[in-house]
Amino acid sequence: MSEDKKLVKRCQQRDGKAFNKLYDKYAPVLFAICMRYSTNQAEAEDILQESFLTIFNKIESYKFKGSFEGWMKRITVNTAINLLRSKNHQLYRIKGDEYVQVKYEGYDAISKLTEKEILKCIQKLPIGYRTVFNLHVVEGYKHREIAVLLGISENTSRTQLGKARLALIKEMENLGYTL
């Protein structure tokens, strides 16, 4: 039996030391997700705390099918979306329904940016753009899945992504990078 499987089984038996070990092991990975969905560290810490509460409360439902880390990541993404949605019910509404597609030519400016610069650029996006960008580009969700998850149309998801890309290009240009 793998070390992770043993750890999860101990957590399912409500072993406090196992929960602490699980937190210590996975908090950095999940915190990175929280930072992508938040605008600052305090908000990301709130999302992380709520995510771990959900993980701990639902750990008995994990059936050892698929990746445990993936299971926790999905909970964290859903927690982030739910917390952000609860702060502003108009979170994902946009003006217009136009789809903006951005084509990148020339060198890859993103490869020139540091991880910290990329995170700052993403955090500056309006919340709707940022959420769709993270779900599609980082998490790999399809627009159909994003639409269901956020309660928006697929076209709105595509539009939000296009606008997020344009906003990121403008932000990178502000940092002195040209595309």
Side-chain angles (χ1 to χ4, degrees), residues 1-93 110 115-116 118-123 125-158 160-161 164 168:
M1 185 182 300
S2 74
E3 186 177 323
D4 267 0
K5 192 170 183 178
K6 289 177 187 174
L7 183 61
V8 172
K9 284 195 176 281
R10 286 178 48 213
C11 288
Q12 289 176 331
Q13 295 167 352
R14 300 312 216 190
D15 180 332
K17 289 181 182 179
F19 278 134
N20 287 337
K21 191 172 182 178
L22 182 79
Y23 181 89
D24 290 343
K25 181 174 184 177
Y26 288 104
V29 172
L30 300 181
F31 186 70
I33 293 170
C34 298
M35 285 296 290
R36 286 195 310 268
Y37 285 89
S38 65
T39 55
N40 58 57
Q41 186 168 341
E43 189 175 64
E45 289 169 354
D46 289 345
I47 295 168
L48 182 67
Q49 179 179 359
E50 288 297 320
S51 297
F52 268 106
L53 284 172
T54 302
I55 289 164
F56 294 151
N57 288 330
K58 293 186 176 191
I59 199 151
E60 288 90 8
S61 70
Y62 179 69
K63 303 294 183 203
F64 300 93
K65 294 185 179 182
S67 160
F68 179 67
E69 185 174 335
W71 181 79
M72 290 191 304
K73 286 179 177 180
R74 279 190 305 280
I75 288 174
T76 303
V77 167
N78 288 334
T79 301
I81 290 168
N82 289 336
L83 286 175
L84 296 173
R85 184 182 291 145
S86 71
K87 288 183 179 184
N88 182 355
H89 295 290
Q90 298 299 315
L91 205 59
Y92 306 104
R93 303 229 187 275
I110 292 176
E115 184 179 335
K116 193 173 185 177
I118 292 170
L119 182 59
K120 280 185 179 181
C121 289
I122 291 171
Q123 287 178 324
L125 291 173
I127 196 165
Y129 297 2
R130 182 175 66 238
T131 303
V132 171
F133 179 84
N134 281 321
L135 287 169
H136 185 74
V137 175
V138 180
E139 308 295 340
Y141 284 77
K142 298 193 179 333
H143 289 293
R144 174 178 15 87
E145 297 168 315
I146 295 169
V148 170
L149 187 61
L150 301 181
I152 60 176
S153 72
E154 285 183 51
N155 195 43
T156 299
S157 177
R158 287 185 188 92
Q160 293 278 37
L161 178 63
L168 285 172

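For the single chain, residues carry numbers from 1 onward in sequence order.
In this structure, the side-chain contact (heavy atoms from CB on, under 4.5 Å) partners of Ala27, at least two apart in sequence or on a different chain, are Tyr23, Leu48, Phe52. Take Tyr62 and apply the ring pair (Phe, Tyr, Trp, His ring centres under 6.0 Å) test, not counting sequence neighbours, and it matches Phe64, Phe68, Trp71. A search for side-chain hydrogen bond (donor to acceptor under 3.5 Å, both in side chains) contacts involving Gln41 returns Glu45, not counting sequence neighbours. Partners of Arg74 by salt bridge (charged side-chain N to carboxylate O under 4.0 Å, His left out), not counting sequence neighbours: none found. Evaluation of the side-chain contact (heavy atoms from CB on, under 4.5 Å) rule for Ser51 yields Ile47, Thr76, Thr79 as partners, not counting sequence neighbours. Contacts of Glu69 classified as side-chain hydrogen bond (donor to acceptor under 3.5 Å, both in side chains), with partners at least two apart in sequence or in another chain: Lys73. Every residue meeting the side-chain contact (heavy atoms from CB on, under 4.5 Å) condition with Asp15, not counting sequence neighbours, appears here in chain and number order: Arg10, Lys17, Ala18. Listed by chain and residue number, Phe133, Leu161, Arg165 satisfy the side-chain contact (heavy atoms from CB on, under 4.5 Å) test with Val137 (two or more places apart in sequence, or in another chain). In this structure, the side-chain hydrogen bond (donor to acceptor under 3.5 Å, both in side chains) partners of Glu154, at least two apart in sequence or on a different chain, are Arg158. Applying the salt bridge (charged side-chain N to carboxylate O under 4.0 Å, His left out) rule to Glu139 yields the partners Arg36; only residues at least two apart in sequence or on another chain are considered. Remark: Lys25 pairs with Asp4 by the salt bridge (charged side-chain N to carboxylate O under 4.0 Å, His left out) rule, at least two apart or across chains.
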Exercise answer: donor-acceptor pairs, residues 53-60 side-chain atoms, under 3.5 Å, sequence neighbours excluded:
from  : atom 1 : to    : atom 2 : distance (Å)
Thr54 : OG1    : Glu50 : O      : 3.1
Asn57 : ND2    : Leu53 : O      : 3.0
Glu60 : OE2    : Arg14 : NE     : 3.4

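When all heavy atoms of Leu125 and Ala164 are compared, the pair lying nearest together is CD2-O, 3.7 Å.
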